[in-house]
Amino acid sequence: MGSNTVRGRIGLLCLLAGAMLTVACTNDDTASAIVLSSGGTVELQAAAGQRQTIDFQATASWTVSCPAGWLSVSPKSGEAGSHTVTLSTTSINRTKANRSAQLTLTAGSYHKYVTVVQRGDYAIFDSTTYHIGPEGGVLTLGFVTNVENKDRLNVAYMNQDWIGWGNASRPTRTEWRGEVQGLVVQPNTSESVRTAPYALMLQDGAGKWMAMDTAWVYQYANYDGYQSADYTADGTVTVLQQASKGQGVTVILMGDGFADRDIANGTYAEVMNQTMENLFTEEPVRSLREYFTVYAVTAVSANSRVGSNYNTVFSCVPSVESTDIDCDEDVVSRYVEKVPGVNLTQALAVVILNSHVHNGVTYLYNNAQGKPVQYAVALCPIIDHLESEAFRQVLTHEAIGHGLAKLGDEYGHADSGAAPDETRQELQELHNYGWMQNVDVTADSAAVCWSRFIADSRFQPEAIGVYEGGYTYTSGIYRPTVESMMNSNESPFNAPSRKLIYDKIMLLGEGREASTLDEFAAFDAGHKPQQWDYSAATRGRQQVSRRPAPPVLRRLTRF
């Protein structure tokens, strides 16, 4: 990422298997209310995100049902006439065996059945993470696959000057093991952990390469043991920006893992200023910047490194197995309160980790009575480097999306399956407080939170609809667009999310209630996101290969 050349699509788990559709029907065909345009067998490439359609004629209103969590169907109902239903696989089949699902098309008393069979092609690394010490050395990444044609399998990587390339061993048998051999890792003389992703790629029948699994190489840092001696700057509050409109939306920036030397040489101030600039890069925050007051609170750590073996102010520890980050939330809140006159319940705290790992998470809070409060803590490392696109995107996703606007994630983890009933109930309860209204538990286009956007011609270019997959689940939760800042981070916020952000800024900045759709549309028309193609990641933005962890809901009894 950053200045690196992308040699392959990294880290996006795609479903890389063939699929088969077979059709059957009930009742008398001569009186059938549904007529499929193609009979017999329809072949479908089953990669996640790829689509295939079923065309049919219906002589009455119709519905389609599908019980499989790994298969998305849209739309699921319509009136009489000619129609197209889009099928899309939402997860990789790691079962090593074929799996199937039956769609039921119903019109009146007539039914048509479509059986979708997803093959169990797979290529899986032995581990999702491989670790090596700061001294470097040689690594071998093992994997297993059932892909018989060795020419269809490859390994994608990103050019990085600290780790060399190995070749994949490709025995030719149905079940075989392979290796990415001879990865030469150079010594790490820096004080930051560094990472490199490797993806197993499969070529489909159309010649397109798609990622099946991703492994991350983590090299530990070489810390010189430096200990801070000067803590006089600790707790210093700097006003980076004063709101020029409204009463001010409060954002408080802090850093973890910055020693006294990092404060003295200007590194801390540079990080805080770049963080602030990154926060105002996406609409509508970009055009509403004048409503924000931004503070930086200096936090002097003993060590210039974060992790379980280091002494830092907020005790931040990035997870290796996921993108989560642990921290001492009580200490964070105490540093927030160093800002004179701050209302803790209304503030957004942003903690930047002095690390380059690909992590990110936001903590949201309930009060003692169990009711949500506005206060949030967004945690984000300096991913790759200070000016990287990955750092900007993940920071925006966490701080603006989750922290400020209380948006939900618009993606599903490849193996998460269907959202359980308790999760769906939790989401509905959060809707009552205005939270997570960019995802919903219903597929009814007239009932979803963003229903008014779907048929509104002013937002038609964004293809707003009801797409299955969200809140980290592949089924049972629905989102407004195929892509967005709350999905892969590669697109701007979609229109329903932009309105939620707009309304939150107006509430905190001016005390105004939610805008009407016409009011928001009038604002939005003059402040459209730059390069706002939500259909695919072809917009010149960089792909973030690890989606940030979902927000964590906590309870603080002090509220």
> Show, in sequence, the C-alpha distance, side-chain angles and deciding distance for Ile325 and Leu353, and conclude whether the side chain to side chain contact (heavy atoms under 4.5 Å, CB included) test is met.
CA-CA 10 Å; Ile325 300 170; Leu353 282 62; 3.9 Å; yes
> To the nearest 0.5 Å, what is the distance between CD (Glu179) and CZ (Phe143)?
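Glu179 atom CD to Phe143 atom CZ measures 8.5 Å (nearest 0.5 Å).
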> With distance as the sole test, does Ser228 use its side chain to make a donor-acceptor pair with the main-chain N or O of Ser301 at under 3.5 Å?
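Confirmed, Ser228 side chain pairs with Ser301 backbone.
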> So, does Arg479 use its side chain to make a donor-acceptor pair with the main chain of Gly469 at under 3.5 Å?
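Indeed, once roles are kept as given, a pair shorter than 3.5 Å links the two residues.
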> Mark yes or no for whether Lys406, through its side chain, and Gly403, through its backbone, hold a donor-acceptor pair below 3.5 Å.
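Indeed, once roles are kept as given, a pair shorter than 3.5 Å links the two residues.
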> Please round to the nearest 0.5 Å and tell me the distance separating atom CD of Glu410 and atom OG1 of Thr472.
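Answer rounded to 0.5 Å: 12.5 Å.
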> Only one of Glu277, Glu387, Glu282 clears salt bridge (Lys or Arg N to Asp or Glu O under 4.0 Å) with Arg392; which?
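For Arg392, the salt bridge (Lys or Arg N to Asp or Glu O under 4.0 Å) test succeeds with only one of Glu277, Glu387, Glu282, which is Glu282.
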> Can you tell me how far apart OG1 (Thr214) and OH (Tyr157) are? Round to the nearest 0.5 Å.
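The distance works out to 15.5 Å.
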> Run Val300 and Ile263 through side chain to side chain contact (heavy atoms under 4.5 Å, CB included) and show every step you take.
CA-CA 8 Å; Val300 182; Ile263 283 80; 4.2 Å; yes
> Kindly indicate whether the side chain of Ile382, heavy atoms from C-beta on, has any atom under 4.5 Å from the side chain of Ile352.
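Side chain of Ile382 against side chain of Ile352, heavy atoms only: contact under 4.5 Å found.
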> So does Glu270 get a backbone contact from the side chain of Asn273, meaning a donor-acceptor N/O pair under 3.5 Å?
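Looks like no, no N/O pair under 3.5 Å.
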> Taking Arg424 for the side chain and Val441 for the main chain, is one N or O donor matched with an acceptor at less than 3.5 Å?
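Yes; at least one donor-acceptor contact below 3.5 Å.
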> Using a 3.5 Å distance criterion without hydrogens, assess whether the side chain of Asn354 forms a donor-acceptor pair with backbone atoms of Gly257.
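Confirmed, Asn354 side chain pairs with Gly257 backbone.
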> Can any side-chain N or O of Gln393 pair as donor or acceptor with the backbone N or O of Met485 at less than 3.5 Å?
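No: the side chain of Gln393 does not pair with the backbone of Met485.
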> Measuring from His402:NE2 to Leu348:CG, what's the distance to the nearest 0.5 Å?
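Separation between the atoms: 12.5 Å.
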> Any idea how His131 and Tyr220 line up, ring-wise: parallel (<30°), tilted (30 to 60°), or perpendicular (>60°)?
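The arrangement is parallel - the two ring planes meet at less than 30°.
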> Can you tell if the side chain of Met486 reaches within under 4.5 Å of the side chain of Ser491, non-hydrogen atoms only?
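No, too far: nothing below the 4.5 Å cut-off.
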> Can you name the closest pair of heavy atoms from Arg305 and Thr312 and give their distance?
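What the structure gives for the nearest pair is O-CG2, 3.1 Å.
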> Do Asn265 and Thr267 have side-chain N/O donor and acceptor atoms under 3.5 Å apart?
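A pair is found: one side chain offers a donor N or O, the other an acceptor, under 3.5 Å apart.
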> With distance as the sole criterion, is a donor-acceptor pair present between the side chains of Asp328 and Ser315 under 3.5 Å?
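No, no side-chain donor-acceptor contact under 3.5 Å.
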> Rounded to the nearest 0.5 Å, what's the gap from OG on Ser72 to OH on Tyr467? Could you check?
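Nearest 0.5 Å value for the OG-OH distance: 10.0 Å.
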> Report the C-alpha distance between Val439 and Tyr478 in whole Å, list the side-chain angles of each, state the deciding distance to 0.1 Å, and finish with yes or no for side chain to side chain contact (heavy atoms under 4.5 Å, CB included).
CA-CA 6 Å; Val439 286; Tyr478 303 87; over 6 Å; no
> Quick check: do Val306 and Pro318 have side-chain heavy atoms less than 4.5 Å from each other?
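Result yes, sub-4.5 Å side-chain heavy-atom pair found.
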> Please find the pair of heavy atoms, one from Val351 and one from Asp256, that lie closest to each other, and give the distance.
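Where Val351 meets Asp256 most closely, the heavy atoms are CG1-CB, 4.1 Å.
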> For Thr281 and Thr396, run side chain to side chain contact (heavy atoms under 4.5 Å, CB included): C-alpha distance rounded to whole Å, both residues' side-chain angles, the deciding distance at 0.1 Å, then the answer.
CA-CA 8 Å; Thr281 53; Thr396 301; 4.0 Å; yes
> For residues Val394 and Asn489, determine if any side-chain heavy atom of one lies less than 4.5 Å from a side-chain heavy atom of the other.
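Counting from C-beta outward, Val394 and Asn489 do come under 4.5 Å.
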> Has the side chain of Gln437 got a donor or acceptor atom that lies under 3.5 Å from a matching backbone atom of Gly408?
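No; judged by distance alone, with no hydrogens or angles, the pair does not exist.
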> So Pro529 and Phe493, do their side chains get closer than 4.5 Å, heavy atoms only?
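No, their side chains stay 4.5 Å or more apart.
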> For residues Val332 and Ala349, report the shortest heavy-atom separation together with the two atoms involved.
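Residues Val332 and Ala349, closest heavy atoms: CG1-CB, 4.3 Å.
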> Please give me the minimum heavy-atom distance between Asp324 and Asn359, naming the atom from each residue.
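Looking at all heavy atoms of both residues, the closest pair is O-ND2, 3.1 Å.
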> Does the Lys NZ or Arg CZ of Arg261 fall within the cation-pi geometry relative to Tyr226 - under 6.0 Å from the ring centre and within 45° of the axis?
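Arg261 over Tyr226 ring: yes.
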> Evaluate the side-chain proximity of Thr140 to Tyr130: yes if any heavy-atom separation is below 4.5 Å, no if none is.
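No. Closest side-chain heavy atoms not under 4.5 Å.
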> Nearest heavy-atom pair of Cys327 and Cys316: which atoms, and what distance?
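For Cys327 versus Cys316, the nearest heavy atoms are CB-SG, 3.7 Å.
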> Might you confirm whether atom CD of Gln227 has over 12 heavy atoms from other residues, nucleotides or ligands at distances under 6.0 Å?
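Correct, the count exceeds 12.
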> For the rings on His356 and His385, is their centre-to-centre separation under 6.0 Å?
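Judged by ring-centre distance (under 6.0 Å), His356 and His385 do not meet the cut-off.
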> Taking the six-membered ring for Trp, is the centroid-to-centroid distance between Tyr411 and Tyr471 below 6.0 Å?
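Between Tyr411 and Tyr471, the centre distance exceeds or equals 6.0 Å.
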> Establish, from distance only, whether the side-chain atoms of Glu462 and Thr481 form a donor-acceptor pair under 3.5 Å.
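Thr481 and Glu462 do not have a side-chain donor-acceptor pair below 3.5 Å.
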> So, Ser497 and Asn494: side-chain donor and acceptor under 3.5 Å apart, yes or no?
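Per modelled atom types, Ser497 and Asn494 side chains form a pair under 3.5 Å.
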> Can any side-chain N or O of Asn487 pair as donor or acceptor with the backbone N or O of Val482 at less than 3.5 Å?
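Yes; judged by distance alone, with no hydrogens or angles, the pair exists.
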> Do Glu468 and Ser475 have side-chain heavy atoms sitting under 4.5 Å apart?
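The answer is yes, as the side chains (C-beta and beyond) meet within the 4.5 Å cut-off.
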> Between Val155 and Val180, what is the shortest heavy-atom contact and its length?
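Heavy atoms of Val155 and Val180 come nearest at CG2-CG2, 3.8 Å.
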> Heavy atoms, side chains only, cut-off 4.5 Å: are Val271 and Leu386 in contact?
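Val271 reaches Leu386 side chain to side chain.
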> Hey, what do you get for CG (Leu379) to CD (Glu398), rounding to the nearest 0.5 Å?
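Reported value, rounded in 0.5 Å steps: 8.5 Å.
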